[in-house]
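Worth saying up front: this structure is predicted, and the values here are computed from it rather than measured.
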Protein chains: 2
Amino acid sequence: MFDPAQKSFANPASNAPSTSHSANVIPINSHNIKIACSNCNLRELCMPLGLNREELDQIDTVVNMRRKVKKGSLLFHNGDKFTSLYAIRIGFFKSFVASEDGHEQVTGFQMAGEVLGLDGIASDSHTCNAIALEDSEVCLMPFDRIEELSRDIPSMQRHVHKIMSREIVRENGIMLLLGSMRAEERLAAFLLNLVDRLHARGFSQSELVLRMTREEIGSYLGLKLETVSRAFSKFAEDGLVEVDKRNIRILRSDLLREMISRPECD
Amino acid sequence: MFDPAQKSFANPASNAPSTSHSANVIPINSHNIKIACSNCNLRELCMPLGLNREELDQIDTVVNMRRKVKKGSLLFHNGDKFTSLYAIRIGFFKSFVASEDGHEQVTGFQMAGEVLGLDGIASDSHTCNAIALEDSEVCLMPFDRIEELSRDIPSMQRHVHKIMSREIVRENGIMLLLGSMRAEERLAAFLLNLVDRLHARGFSQSELVLRMTREEIGSYLGLKLETVSRAFSKFAEDGLVEVDKRNIRILRSDLLREMISRPECD
DNA sequence: CGACACCTTGAAGAGGTTCAAGAAATGTGG
DNA sequence: CCACATTTCTTGAACCTCTTCAAGGTGTCG
């Protein structure tokens with residue numbers, strides 16, 4: 001059934017190096033050129049394509065630090081001064097905003113190759129929080145440097161714009177979900193989205209390990225954790241997915257997809 | 001700027017010129033230099049501050065066209081090729097996405113000085129729709145030109161980034177609203193946000209004219225139009241606002257504000 | 001092993017939706 | 001300018017989905 005050894009079931013971070021490196025900030029210098037962007041297998045996710053050698057060398061100067069973020073600790077939080085964007089190298093994050101009364105709204109889940117911190121540009125300080133849901137590692141990309149490079153390399157500039165626009169489009173989709181879908185439709189959309197993104201990273205199309213709690217899923221989807229739990233049970237009962245705690249196997253993605261394209265009867 | 005004489009109850013577009021100009025695309029040339037960005041009273045909303053003369057001249061080359069958009073007609077729609085951003089000069093828009101089953105989710109309402117079209121950058125084609133809720137006029141800013149200028153003028157570059165980031169932050173706020181607030185709290189947040197933005201444009205802090213239907217408000221807030229209507233009636237009954245069709249006067253903004261900071265009892 | 005976080009499930013309850021009817025405003029064409 | 005059709009808004013009543021409250025179960029980590 002679920003085989004943790006296989007890549008097919010793995011999560012982007014399942015092969016996270018568990019080095020016993022004590023520092024969690026790793027300067028990047030000429031000695032370990034190997035971990036430059038130009039050699040990174042996530043480059044196609046973080047950086048523009050079709051660069052020449054010279055431009056690649058420039059790109060390598062964007063990331064000047066890496067930072068390990070232990071499971072459960074904050075990458076940044078509301079009010080922090082904004083200086084850098086963060087490209088996730090390894091791991092999994094949630095980002096969330098908090099209302100004055102303390103309610104926590106998850107605004108997204110981010111995985112390897114995705115960028116965190118875009119919220120900070122507007123006011124030079126972060127307006128949301130990002131927390132690692134498993135031991136993670138991010139590349140720090142000082143925003144000043146990104147802007148400099150964008151001025152020199154048009155494809156870099158376009159890339160930055162696309163990343164931001166993509167986030168706007170993603171949030172439009174969430175608004176549609178929150179504004180019009182029922183509980184089970186929301187969960188179906190959520191699972192399909194997650195598994196698509198994992199698949200784009202080389203993982204299974206049908207199996208995934210949830211890195212977040214039912215409560216966090218609920219917050220993201222505008223539901224209570226009990227409702228999420230019930231929806232999972234319903235899916236399992238109907239044979240749409242197999243649910244074993246946080247291990248999910250999608251059996252009928254076709255039917256899940258139908259749920260979200262044709263809400264209910266109609 | 002906006003005629004202060006009718007400021008108090010006016011809407012940004014209440015003094016929209018109703019010229020009988022037959023063409024609705026207006027080329028900009030040296031003959032009507034008066035309507036260049038550098039002379040536009042909305043410049044501080046669309047464009048960066050602190051530019052020198054030379055930079056201002058460059059900025060004036062961004063907007064190469066204006067376009068009138070009649071009430072009820074589309075500025076762009078899902079699938080249209082993306083070429084330009086649109087700065088609203090006069091009027092009021094809604095943007096919305098549509099799901100496969102035809103459900104329409106309003107993703108935002110935009111007024112003079114705000115920018116439309118950011119969704120198109122991600123995939124070079126628009127993923128949402130924008131429709132004028134009253135006779136409007138927009139400035140076309142070809143995105144290639146914006147990128148060129150961003151490379152030359154760092155403050156322009158930063159400005160573009162801030163506009164996009166602001167949109168991301170705004171959408172985070174909507175997610176919080178949709179994910180955790182009750183009907184009346186949502187409407188309170190909506191009204192306060194609208195009146196704040198109008199106030200920033202020189203209008204009243206307490207009076208506004210809604211340009212959209214109850215159904216459109218409901219779509220934006222994830223509610224049915226009946227619920228919106230009932231919430232308005234409740235507010236009126238409780239003396240928080242005066243409601244006369246689409247004319248709204250806010251009587252107790254303090255109490256409205258309380259509603260959204262301390263959802264319910266606590 | 002015990003404390004704690006997480007998950008599941010049931011039952012009661014609330015908030016919002018749906019359905020329905022009527023009133024008021026808006027627009028259209030003669 | 002009026003008559004008529006259409007859109008928009010309000011309000012009531014029944015219904016339904018999700019939430020709330022509660023209890024028990026399972027897994028994890030010190």
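- Taking 4.5 Å as the limit, some side-chain heavy atom of Ile217(B) sits within range of a side-chain heavy atom of Leu187(B).
- Side-chain atoms of Ser136(B) do not come within 3.5 Å of backbone N or O of Ala132(B) as any donor-acceptor pair.
- The interatomic distance linking Glu226(B) (CD) with dA20(C) (P) rounds to 12 Å, in whole Å.
- Residues in residues 220-235 of chain A take part in these side chain to side chain donor-acceptor pair (under 3.5 Å) pairs, two or more places apart or across chains: Arg170(A)-Tyr220(A), Lys234(A)-Asp238(A).
- From one end of the helix from dC1(C)-dG30(D) to dG30(C)-dC1(D) to the other, with five pairs defining each end axis, the axis direction shifts by 50° (rounded to 10°).
- The backbone N or O of Val69(A) sits nowhere less than 3.5 Å from a side-chain atom of Glu137(A) that would complete a donor-acceptor pair.
- The nearest whole Å value for the distance from the NZ atom in Lys224(B) to the C1' atom in dT18(C) is 9 Å.
- At the heavy-atom level, Leu225(A) lies under 4.0 Å from base atoms of the strands shown.
- In terms of modelled atom types and a separation under 3.5 Å, the side chain of Arg197(B) and the main chain of Asn193(B) share no donor-acceptor contact.
- Taking 4.0 angstrom as the limit, Ser229(B) places none of its side-chain polar atoms (N or O) nearer than this to OP1 or OP2 of dT11(D).
- Panel note: side chain Ser84(A), backbone Tyr86(A); no donor-acceptor pair is recorded below 3.5 Å.
- The interatomic distance linking Arg186(B) (CZ) with dT17(C) (P) rounds to 8 Å, in whole Å.
- The distance from atom CD of Glu215(A) to atom C1' of dT8(C) is 15 Å, rounded to the nearest whole Å.
- Note on Arg246(B): a side-chain N or O is less than 4.0 Å away from OP1 or OP2 of dC9(D).
- Using a 4.0 Å heavy-atom distance criterion, Gly222(B) is classed as a sugar-phosphate-only contact.
- Nucleic acid contact for Gly218(A): none, since no nucleic acid atom lies under 4.0 Å from a heavy atom of the residue.
- Glu216(A) places its CD atom 13 Å from the C1' atom of dC7(C), with the value rounded to the nearest Å.
- With the nearest nucleotide of DNA chain C identified for both Thr227(B) and Lys71(B), Thr227(B) has the one nearer the 5' end.
- With respect to the salt-bridge test (charged N to carboxylate O, under 4.0 angstrom), the residues Arg211(A) and Glu134(A) qualify.
- Atom CZ of Arg182(B) and atom C1' of dC18(D) are 12 Å apart (whole Å).
- One atom, CG of Leu178(B), and another, P of dG16(C), lie 13 Å apart when rounded to the nearest Å.
- Rounded to whole Å, the distance from CG on Leu210(B) to C1' on dT10(D) is 15 Å.
- If you check distances only, the side chain of Arg230(A) does reach the base of dG10(C) with a donor-acceptor pair under 3.5 Å.
- For the pair Lys94(A) and Phe96(A), the distance from NZ or CZ to the six-membered ring centre is under 6.0 Å and the angle to the ring normal is within 45 degrees.
- Judged by distance alone, the side chain of Asp135(A) and the main-chain N or O of Lys70(A) form no donor-acceptor pair under 3.5 Å.
- If you check the side chains of Ser95(B) and Gln110(B), you find a donor sitting under 3.5 Å from an acceptor.
- Applying a 4.0 Å cut-off to non-hydrogen atoms, the residues of residues 234-245 of chain B that approach DNA chain C are Lys245(B), listed by residue number.
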